[in-house]
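Report on the following structure.
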2 protein chains.
Amino acid sequence: MEVYVNPRINADVFLKNPMDSELGKKIISYSVKMIDEIGFSKFNFKKLAEEIQSTEASIYRYFPNKHRVIIYLSAWYWEFVLYQINVKTKEVKEPKKRLEIAIKNLVYIGEEAQTHSYLDMVILQRIITEQFYKIVRTKNVSVQNEIGFFESYKRLCSSLASLFNEIDSSFKYPMTMSTAVVEMSINNTYCCSNMPSLTEIKCGADQKSQIEMMIQYFCGRLLEKCQLSFN
Amino acid sequence: MEVYVNPRINADVFLKNPMDSELGKKIISYSVKMIDEIGFSKFNFKKLAEEIQSTEASIYRYFPNKHRVIIYLSAWYWEFVLYQINVKTKEVKEPKKRLEIAIKNLVYIGEEAQTHSYLDMVILQRIITEQFYKIVRTKNVSVQNEIGFFESYKRLCSSLASLFNEIDSSFKYPMTMSTAVVEMSINNTYCCSNMPSLTEIKCGADQKSQIEMMIQYFCGRLLEKCQLSFN
DNA sequence: AAATATACGATAGTAATACTATCATTGTCA
DNA sequence: TGACAATGATAGTATTACTATCGTATATTT
């Protein structure tokens with residue numbers, strides 16, 4: 001499996017493609033590192049410039065502001081998740097089996113992904129878990145939506161929705177369900193370390209497998225005739 | 001029904017209780033107005049001071065920063081929703097009927113609430129819909145969680161969770177389900193105006209009733225033997 | 001009625017943020 | 001050799017998110 005994804009990201013997100021230069025790649029990989037360490041709100045181009053021994057001005061030639069950086073990162077993340085799901089379900093016919101694989105790949109980052117790229121997917125997942133809602137909930141969301149900044153996320157949700165539809169074509173709300181499922185995986189990861197009383201998931205080594213089982217449980221009940229392996 | 005709620009809000013949220021003075025009440029009601037108009041990120045104490053003909057310094061005597069203002073507002077909102085649910089389900093015995101009422105009051109703001117208070121609940125609901133995730137997703141969430149800033153939200157979720165439990169005691173994830181349901185009501189309201197392809201809900205006059213039906217549909221499928229009126 | 005506390009207003013100031021602008025330097029390719 | 005693209009160096013600005021101090025009006029206590 002080739003896990004080094006080079007996702008096609010809407011060119012309006014950046015001013016200059018960070019994939020095209022060493023500096024660009026450094027901007028991306030150190031952004032991930034810094035956002036993870038100090039949080040998105042304290043992260044800025046001045047600190048980043050210092051860290052990578054460059055200048056604010058140079059970074060501004062790639063992205064007009066830090067918000068675009070995180071939009072870029074989240075696009076990459078969802079692109080990656082969908083890619084992972086597609087690769088692993090390619091040969092699988094049975095819809096329920098494919099749903100199981102999709103759920104697994106929504107929750108886990110494949111081990112193969114962890115060594116290849118200058119973009120650390122495990123850290124990126126952590127960032128998206130913490131920051132996703134800050135990305136989506138801005139006053140200009142509908143503008144950015146029109147420009148297509150969120151295409152990657154939408155593609156993933158549509159893809160899950162059509163899986164649900166294959167399994168139970170009578171289900172009335174496949175899109176709502178797929179956003180709920182994606183957000184459930186994010187939320188419960190977040191809650192179990194930050195607001196534990198809001199979830200049944202317990203922090204720990206098997207946290208992801210708990211979440212996987214839980215999402216299977218929900219899908220099993222929501223879709224008719226959909227008993228999955230953990231149910 | 002007495003809808004003028006005077007919620008008990010954790011005193012650590014503010015420096016000085018805004019309910020105790022005219023200026024305090026003005027700060028609250030105009031904050032709501034301004035955040036709705038210009039968004040939380042562009043909202044600040046300087047603009048607010050100008051609007052209410054006071055000074056930044058005076059506002060800082062009530063709240064240490066604007067983030068606390070929105071925590072205060074969201075606490076009030078969830079307190080209000082739970083209060084509404086409690087009042088309207090008080091006389092009702094049948095759990096399924098109570099769930100239906102709870103769902104309705106999660107989505108709608110009772111008409112009675114709209115005239116009484118200096119806090120406009122309809123606008124407040126709009127703000128919470130737009131900003132809720134910004135409130136919860138901060139780097140210090142777990143600190144604030146310990147202080148108890150989010151007690152109101154948690155109380156509401158727990159209350160829904162025990163309702164689910166009454167209806168189907170075999171259901172494994174009542175807390176996760178209740179946060180999913182609350183967020184579903186927020187998310188779909190948000191999506192249908194900002195990212196319409198992510199939801200089956202269509203913008204319009206009956207938007208809230210669509211969401212009510214949808215949540216009933218999900219609850220009906222998730223909980224066993226739980227056919228609600230719209231299913 | 002005098003003393004005191006509290007609330008609020010007025011004003012000033014600061015460090016950090018989020019940019020924008022300009023010009024110099026370096027490497028590359030034709 | 002010359003042109004151009006990419007980057008670095010430096011400077012500057014408006015706004016934000018505060019903090020600090022002082023003076024005055026009003027209410028409360030004694």
Side-chain angles (χ1 to χ4, degrees), chain A residues 11-31 34-35 37-73 118 131 134-135 138-140 143-144 149, chain B residues 11-31 34-35 37-73 118 131 134-135 138-140 143-144 149:
Chain A
D12 297 325
V13 177
F14 45 75
L15 299 174
K16 201 175 142 186
N17 197 333
M19 315 272 282
D20 290 349
S21 73
E22 282 312 305
L23 181 61
K25 287 174 193 175
K26 242 178 154 182
I27 288 171
I28 297 305
S29 60
Y30 281 83
S31 290
M34 288 192 79
I35 294 171
E37 280 165 7
I38 62 177
F40 184 62
S41 47
K42 284 181 192 159
F43 164 79
N44 63 45
F45 286 175
K46 199 180 175 189
K47 290 176 191 163
L48 178 60
E50 230 165 88
E51 178 88 10
I52 65 178
Q53 322 245 58
S54 178
T55 58
E56 265 187 281
S58 301
I59 298 171
Y60 274 106
R61 288 184 186 110
Y62 287 85
F63 293 98
N65 53 58
K66 69 174 184 170
H67 193 248
R68 289 287 178 91
V69 173
I70 206 159
I71 287 180
Y72 179 88
L73 293 175
Y118 55 89
Q131 315 291 340
K134 277 193 202 149
I135 305 164
T138 62
K139 256 286 163 190
N140 327 327
V143 177
Q144 296 184 339
F149 285 4
Chain B
D12 297 325
V13 178
F14 46 74
L15 300 174
K16 201 177 144 185
N17 197 333
M19 314 274 280
D20 289 349
S21 72
E22 283 311 305
L23 181 62
K25 287 175 191 175
K26 239 177 155 182
I27 288 171
I28 296 305
S29 60
Y30 280 84
S31 290
M34 286 191 80
I35 293 171
E37 280 165 6
I38 63 178
F40 184 63
S41 47
K42 286 182 192 158
F43 165 78
N44 64 44
F45 286 176
K46 199 180 175 190
K47 289 176 192 164
L48 178 61
E50 230 166 89
E51 178 88 11
I52 64 177
Q53 322 247 57
S54 178
T55 59
E56 265 187 282
S58 302
I59 298 171
Y60 274 105
R61 288 186 187 109
Y62 287 85
F63 293 98
N65 54 57
K66 69 174 185 170
H67 193 247
R68 290 287 179 90
V69 173
I70 207 160
I71 287 181
Y72 180 88
L73 292 176
Y118 56 88
Q131 316 290 342
K134 277 192 202 150
I135 305 165
T138 62
K139 257 284 163 190
N140 326 329
V143 178
Q144 296 184 339
F149 285 5

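The chains referred to below are lettered A, B, ... by the order of the sequence lines, with proteins before strands, and numbering in each begins at 1.
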*asked:* I need the NE2-C1' distance between B:His67 and D:dC18, as an integer number of Å.
replied: 16 Å

_Please report the distance, rounded to the nearest Å, between CZ in A:Phe45 and C1' in C:dC19._
10 Å

*Rounded to whole angstroms, how far apart are CG on A:Asn65 and C1' on C:dC19?*
10 Å

*Would you give the length of the straight line joining atom CG of A:Leu23 to atom OG of A:Ser58, rounded to the nearest 0.5 angstrom?*
6.0 Å

*Looking at NZ of A:Lys47 and CD of A:Glu37, how far apart are the two atoms once the value is rounded to the nearest 0.5 Å?*
11.5 Å

*In Å, rounded to the nearest 0.5 Å, how long is the span from CD of A:Gln131 to CD1 of A:Ile70?*
5.0 Å

*Passing option when A:Tyr72 is tested against A:Phe63, A:Phe149, A:Tyr62 for ring pair (Phe, Tyr, Trp, His ring centres under 6.0 Å)*: A:Phe63

*How close or far is atom P of D:dT15 from atom CD of B:Glu56, stated in whole angstroms?*
13 Å

*Taking the side chain as every heavy atom from C-beta outward, state whether A:Ile28 and A:Pro18 have any atom pair closer than 4.5 Å.*
yes

*asked:* As an exercise, state the distance from CZ of B:Phe40 to OG of B:Ser31, rounded to the nearest 0.5 Å.
replied: 9.5 Å

*Could you tell me the separation between the CZ atom of A:Phe43 and the C1' atom of C:dA16, rounded to a whole number of Å?*
16 Å

*What integer distance in Å separates B:Lys46:NZ from C:dA12:P?*
13 Å

*Between D:dA5 atom P and A:Asn17 atom CG, what is the distance in whole Å?*
17 Å

Which atoms of nucleotides 5-9 of chain C (N or O only) lie under 3.5 Å from a protein N or O atom, and what are those distances?
from  : atom 1 : to      : atom 2 : distance (Å)
C:dC8 : OP1    : B:Tyr62 : OH     : 3.3
C:dC8 : OP2    : B:Lys16 : NZ     : 2.6
C:dC8 : OP2    : B:Tyr62 : OH     : 2.7
C:dG9 : OP2    : B:Ser54 : OG     : 2.5
C:dG9 : OP2    : B:Ser58 : OG     : 2.7
C:dG9 : N7     : B:Arg61 : NH1    : 3.3
C:dG9 : O6     : B:Arg61 : NH2    : 2.7

*asked:* Could you tell me how far apart B:Lys47 (NZ) and D:dA17 (C1') are, to the nearest whole angstrom?
replied: 13 Å

